[in-house]
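Have a look at the structure below, then the notes.
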Amino acid sequence: MALTCDESTQPDTTPPTVSIQSPITNNPVFEIVSIEVASSDNEGVDRIDFYIDDSLHFQDYDAPYVYHWNTTAYDDQSEHLIKAISYDIAENFTETQPIILTVDNSGSYPDNPFIYPILFQNQSFLVNWGMSIDLDFQSYSLYEGFLENMSDEVIINTAEAISDTTFEVINVELDEFRYYRVVTTDNVGLESFSEIQTGYATSNYIAYNMETGQESPPFSTQEIYLTDYLGISHYSLTEGLNPIWKPDGSGLYFVRKPYLFSIDINGSNLIQLTHDQYFDFDYNSHFQIELSNDGEFILFITHDGNDLEIGKVNTDGNGYITLTDNEYNDYNPQLSPDGTRLIYSSDRIENDGADTYDIYLADINGLSEINLTNNQSTMEACWSLDGTQIYFLKYLHLNQNCEIMKVNLDGTNLSHVAYVQSNYNYFLSLSPDGQYLYYHASGGYIGRCSIYGENNETINTNVEDFDGIEFNEDNMIVFHSGGSSSNLYLMNDNGTDLIQMTHFSNQYYDPITGIHNSASWPRFRP
């Protein structure tokens, strides 16, 4: 049979079939969602057009027909109409039944990044941030600004390695403020922003002990922190307590029970100096350590199993000796200005059934010991500036006050300096210029008088129950308040310009977190 030219092919008028297979309507979607379409046609499917809110987004010419829709550009909880149109090769088409999808990326953002307190050293800021735990991490972007709100911010570093969390900002001028934040981006473009962290270019640092306690194990942790004089940045250096600076300010000595350690100011070069358990007891306040003027050795309190004694060890960890070895408790070693002798308190005399503390003098090896105060009820003493006399605070049992007295190094010329309104006898310190004596006044305030007993005054009544006072060469005082959660304070030596450097709650345990923080034993960097 032959075909004639009059016989023509019938046109294809049958539209394809099409439906959205996934996702299901009214389902929430996040990040990148795969919209899967099934379609068939008697002559063959040409393409599938994918529409979001009646706007064409993608055309797929090959099965399987899938559009990977990135939802990160849309607001959370926004609803969107999704449909597809299938075309066959004759341009017949069929539109799917539309579905509605709700975008919700609220649980998909990268974990919030955070920048550690920024340390200034060698004309540079060292900016460190926490490493992301996001499984689809893409990059970090570090922004810098010179305005506090960072409205002038610019990107100064981008890192694509998840472990690359440090950047050094060079050529920073002394006393300059700069501001930083880091942005973590995942591989679908979602971003999380850190809080703004301040960089303050200063070489003036204070080291202190931070105790974090809680009502469940491990109950308490001790860390060494650094902060600047304004209390802007608080930098966690290492685990430990009661730091003391190296003479050149390059690092610290500290206790990490039961050993003595050293560490550089940037947290590197951690060295365990001692290997015998000199510090294996629980009286944290007795872990005070005293560095010799030449930086060659350290005095500290140790425990012989029954009593507290004074130990001495070289700063390289060698040459340990016990300077006091008796059945009594010995506290508060203080070196003479020339570094050849020391004073300390000891409870060797009993008065009416109670231990009475006196001040003892010995040479640097604990020999040639002399009781300077002879039953004067004192625990606190300090050297005169020239090292020829000892000032001490005597507790007056009858009127619950104290008397400042002085004595020569051979025990002679025991004499009165001043009466002070205080019912505490555990603090006395000499100002760096040798002209004033500072003491614990009534109400827990800071009092002072001249070394001649004149100008007796309370210089600060804003902070109660202070302790741990220390001076620097710029006539400033740093100290910590007492109570269940102590804080750090800085002020001039006359009590003016008080700055509160930490802001911990007075509650022993926070009712929400079950945690309390306490800062103590601040030390000025040399």
Side-chain angles (χ1 to χ4, degrees), residues 7-113 132-141 143 153 155 158-162 181-195:
E7 295 175 318
S8 59
T9 303
Q10 292 295 318
D12 177 15
T13 59
T14 304
T17 62
V18 64
S19 64
I20 297 176
Q21 301 294 298
S22 177
I24 299 173
T25 190
N26 294 322
N27 269 11
V29 292
F30 54 90
E31 294 193 354
I32 295 177
V33 59
S34 296
I35 302 173
E36 301 176 5
V37 170
S39 183
S40 62
D41 184 77
N42 61 323
E43 295 293 337
V45 174
D46 178 59
R47 71 183 187 276
I48 304 294
D49 289 355
F50 291 83
Y51 286 80
I52 310 294
D53 298 326
D54 292 321
S55 176
L56 178 63
H57 275 238
F58 181 67
Q59 293 178 314
D60 196 350
Y61 288 85
D62 299 301
Y65 304 108
V66 180
Y67 171 43
H68 301 292
W69 178 37
N70 189 335
T71 68
T72 61
Y74 299 85
D75 294 336
D76 287 341
Q77 307 306 320
S78 60
E79 291 186 347
H80 302 277
L81 186 72
I82 315 298
K83 70 180 181 180
I85 301 176
S86 175
Y87 292 85
D88 66 13
I89 57 178
E91 286 297 301
N92 299 305
F93 65 89
T94 303
E95 183 175 312
T96 65
Q97 184 71 24
I99 64 172
I100 294 176
L101 298 178
T102 302
V103 170
D104 184 6
N105 281 301
S106 59
S108 303
Y109 288 87
D111 52 300
N112 286 327
S132 174
I133 59 173
D134 202 52
L135 297 178
D136 57 352
F137 166 86
Q138 177 175 294
S139 66
Y140 305 112
S141 297
Y143 289 79
E153 67 182 12
I155 295 178
T158 299
E160 295 183 355
I162 196 170
R181 68 176 168 191
V182 79
V183 178
T184 302
T185 306
D186 68 15
N187 57 21
V188 297
L190 291 174
E191 296 179 329
S192 291
F193 297 78
S194 74
E195 297 290 333

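This one's a predicted model, so the numbers in the text were calculated from it and none came from an experiment.
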Residues, nucleotides or ligands: over 12 heavy atoms within 6.0 Å of Phe93 CZ: no
Minimum-distance pair of heavy atoms, taken over all atoms of Leu101 and Ile24: CD2-O, 3.6 Å
Sub-4.5 Å side-chain heavy-atom contact between Ile52 and Trp69: yes
Contact check, side chains of Tyr87 and Asn92, non-hydrogen atoms, under 4.5 Å: no
Set of residues satisfying side-chain hydrogen bond (donor to acceptor under 3.5 Å, both in side chains) with respect to Ser108, sequence neighbours excluded: none
Min side-chain heavy-atom separation Thr185-Leu190 under 4.5 Å: no
Asp12 CG to Asp41 CG distance, which is reported to the nearest 0.5 Å: 6.0 Å
salt_bridge(Arg181, Glu195) N-O dist < 4.0 Å: no
Derivation of the side chain to side chain contact (heavy atoms under 4.5 Å, CB included) call for Tyr143 and Val183: CA-CA 8 Å; Tyr143 289 79; Val183 178; 3.5 Å; yes
Straight-line distance of Thr25 OG1 to Ile82 CD1, nearest 0.5 Å: 9.5 Å
Main-chain N/O of Ser78 paired to Asp75 side chain as donor or acceptor, under 3.5 Å: no
Residue pair Glu160 / Thr158, side-chain donor-acceptor N/O under 3.5 Å: no
Close aromatic pair by centroid cut-off 6.0 Å: Tyr74 and His80: yes
Residues Arg47, Asp62: salt bridge by 4.0 Å N-O rule: no
Beyond-backbone contact of Ser40 with Pro16, side-chain heavy atoms, under 4.5 angstrom: no
Non-hydrogen atoms of Glu191 and Tyr109 that approach each other most closely: O-CD2, 3.4 Å
Side-chain donor-acceptor pair present, Ser106, Asp104, cut-off under 3.5 Å: yes
Enclosure of Tyr51 OH (heavy-atom neighbours >12, cutoff 6.0 Å): yes
Close side-chain approach of Val33 and Pro23, heavy atoms under 4.5 Å: yes
Of Leu56, Val37, Ile85, the residue whose pairing with Phe50 passes side chain to side chain contact (heavy atoms under 4.5 Å, CB included): Val37
Separation of Ile35 CD1 from Ile99 CD1 (nearest 0.5 Å): 6.5 Å
Shortest non-hydrogen contact between Thr102 and Glu79, atoms and distance: OG1-CG, 3.6 Å
Minimum heavy-atom distance between Ser192 and Pro110, given as atom pair plus value: OG-O, 2.6 Å
Phe58 and Val66, any side-chain heavy atoms less than 4.5 Å apart: no
Between Ser132 and Asp111, a side-chain donor and acceptor under 3.5 Å: yes
Main-chain N/O of Val188 paired to Thr72 side chain as donor or acceptor, under 3.5 Å: yes
From OH (Tyr61) to CG (Asp49), nearest 0.5 Å: 7.0 Å
Any side-chain donor near an acceptor of the partner, Ser55 and Asp53, under 3.5 Å: no
Flag side-chain contact, heavy atom, 4.5 Å: Asp136 against Glu31: yes
Atom pair CD1 (Ile48) and CD (Glu36), whose distance is rounded to the nearest 0.5 Å: 13.0 Å
Least distance between heavy atoms, Ser86 atom then Ser39 atom: OG-OG, 2.6 Å
Approximate separation, where rounding is to 0.5 Å, of Asp186 CG and Asn105 CG: 9.0 Å
Which atom of Asp60 lies closest to which atom of Pro64, heavy atoms considered: OD2-O, 3.4 Å
Min side-chain heavy-atom separation Tyr65-Val45 under 4.5 Å: yes
